[in-house]
Amino acid sequence: MLTYHDYAVADTSCCADEIAETVHGRGATSAQINAIRESVKKFRGDICQQIELSNDPVYKGPICMNSVRSKSAPNHNCARGPRQQMNSITHVFDASNVYGSSQAELNRLRDSSGGRLKTQTVNGVSLPPQDTRDCSASKLKAKRCPFLGGDARINTTPNLISAITAFVNKHNQIAKGLATQNPQWDNEKLFQETRKIISAIQSNIHFYEYLPIVLGSTIMRKYRLSSYAGYDRNTTLLFFFMKLNKIALNELAGAAFRFGHSSIDGFFTVVKDNGQSDFIDLKDNFFNSDLIYKDGVKQCAKGLSEDKPWDVDRHYPSQVTPATLLHYVTYIISD
Ligand code: HEM
């Protein structure tokens, strides 16, 4: 999740461009999609596709499942061709899951001094800031809103929040160290230098820890993936002059990399301070930021170091089958 949340998200544009207009740059909620569907119905008929889940233990009988289209994008040479899906975040490995993919996102995440990222401290634990947009009145009052991250999907699972929290805190720790060593550096310099280090740390994880396990050493060598050196302006220029396109392929971002859904374990481990492990059902914990507020960062991090992914095959745990996810996410079908 950490890897693909750094380079791919297909934004949705349902029926017409209504969703894009209504919730620009962010995923639409089911309620928003439903409202748009109702208004479109008046002049275009019902655009919702009926997808029957007749034998589903959760949904009895056919239901109308919101099926929305991803925003389209032109082909690279602007020639006619199959519809391409637009990637709404930066496609290079630049830790956009921590820093965002636009200036506006970055501005929301940055602190005003020391090259730091914004955090909040809850019971002595440093956590990412709260995302007060779309936060319920009770959570606003209790100061327990979901978290704000570089990527809008940060709150999907407690483990993901925990991983992003580790990077936010690492950023601030490195910035502090750099400030001590370079007292002449201003806020901007400290921030940018730290950001480069965090991007490099994440690239190392993607290319030296994750991909070799997924692809194996032969493919890593064949495509020279082990020598990935991060974003480099000169290499990019070289690619430009050689007319090579250094992009995340749509086929990978929108389809092939979803292979990871088969590797999800339906339960995850949290390890308490007394060493006791609890196995938590993922389906009860989608968007559960409360777990993180209750000292969950450390517990999830310890659990993550013990949990193993499932084999990649054609099986999925029940926690991520369409019917279960339908409860929690905006949409489950996209092109
Ligand atoms: C608990 C873990 C996960 C959950 C709950 C989850 C859920 C989702 C959901 C709801 C979507 C959007 C629906 C769709 O367009 O199909 C999605 C998209 C996607 N997921 Fe996951 N996912 C998880 C883990 C992973 C992992 C481990 C990988 C890969 C290693 C992965 C790769 C992708 C990709 C490539 C997309 C399409 C991204 C885009 O272009 O928008 N996911 N996931």
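In listed order, ligands and their atoms are each counted from 1.
- Checking Lys170 against Gln173 by side-chain atom types alone, a donor-acceptor pair falls below 3.5 Å.
- Ionic pairing of Asp131 and Arg108 is not present here: no N-O contact between side-chain nitrogen and carboxylate oxygen is shorter than 4.0 angstrom.
- A distance of 9.5 Å separates NE2 of His206 from CG of Asn204, quoted to the nearest 0.5 Å.
- Here the side chain of Asn169 pairs a donor or acceptor atom with the backbone of Ser126 at under 3.5 angstrom.
- When Tyr4, Phe286, Phe268 are checked for heavy-atom proximity to atom 28 (C) of ligand 1, Tyr4 turns out nearest.
- With rounding to the nearest 0.5 Å, the separation of CD1 in Ile161 from CG in Asn285 is 10.0 Å.
- If you look at Tyr210 next to ligand 1, the close heavy atoms, those under 4.0 Å, all belong to the side chain.
- Considering both main-chain and side-chain atoms, Arg153 never comes within under 3.5 Å of ligand 1 through any nitrogen or oxygen pair.
- Considering just the N/O/S atoms of His261, the one nearest atom 21 (Fe) of ligand 1 carries the name NE2.
- Distances below 4.0 Å separate heavy atoms of Thr157 from the following atoms of ligand 1: 1 (C).
- Remark: ligand 1 and Thr156 share no N or O pair separated by less than 3.5 Å (distance only, no angle test).
- Side-chain N/O atoms of Glu193 and Asn182 include no donor and acceptor closer than 3.5 Å.
- Within the set Val9, Leu282, Asn285, the minimum heavy-atom distance to atom 1 (C) of ligand 1 is found for Leu282.
- Residue-ligand proximity, Ala253 to ligand 1, at heavy-atom distances under 4.0 Å covers atoms 35 (C), 37 (C), 38 (C), 40 (O).
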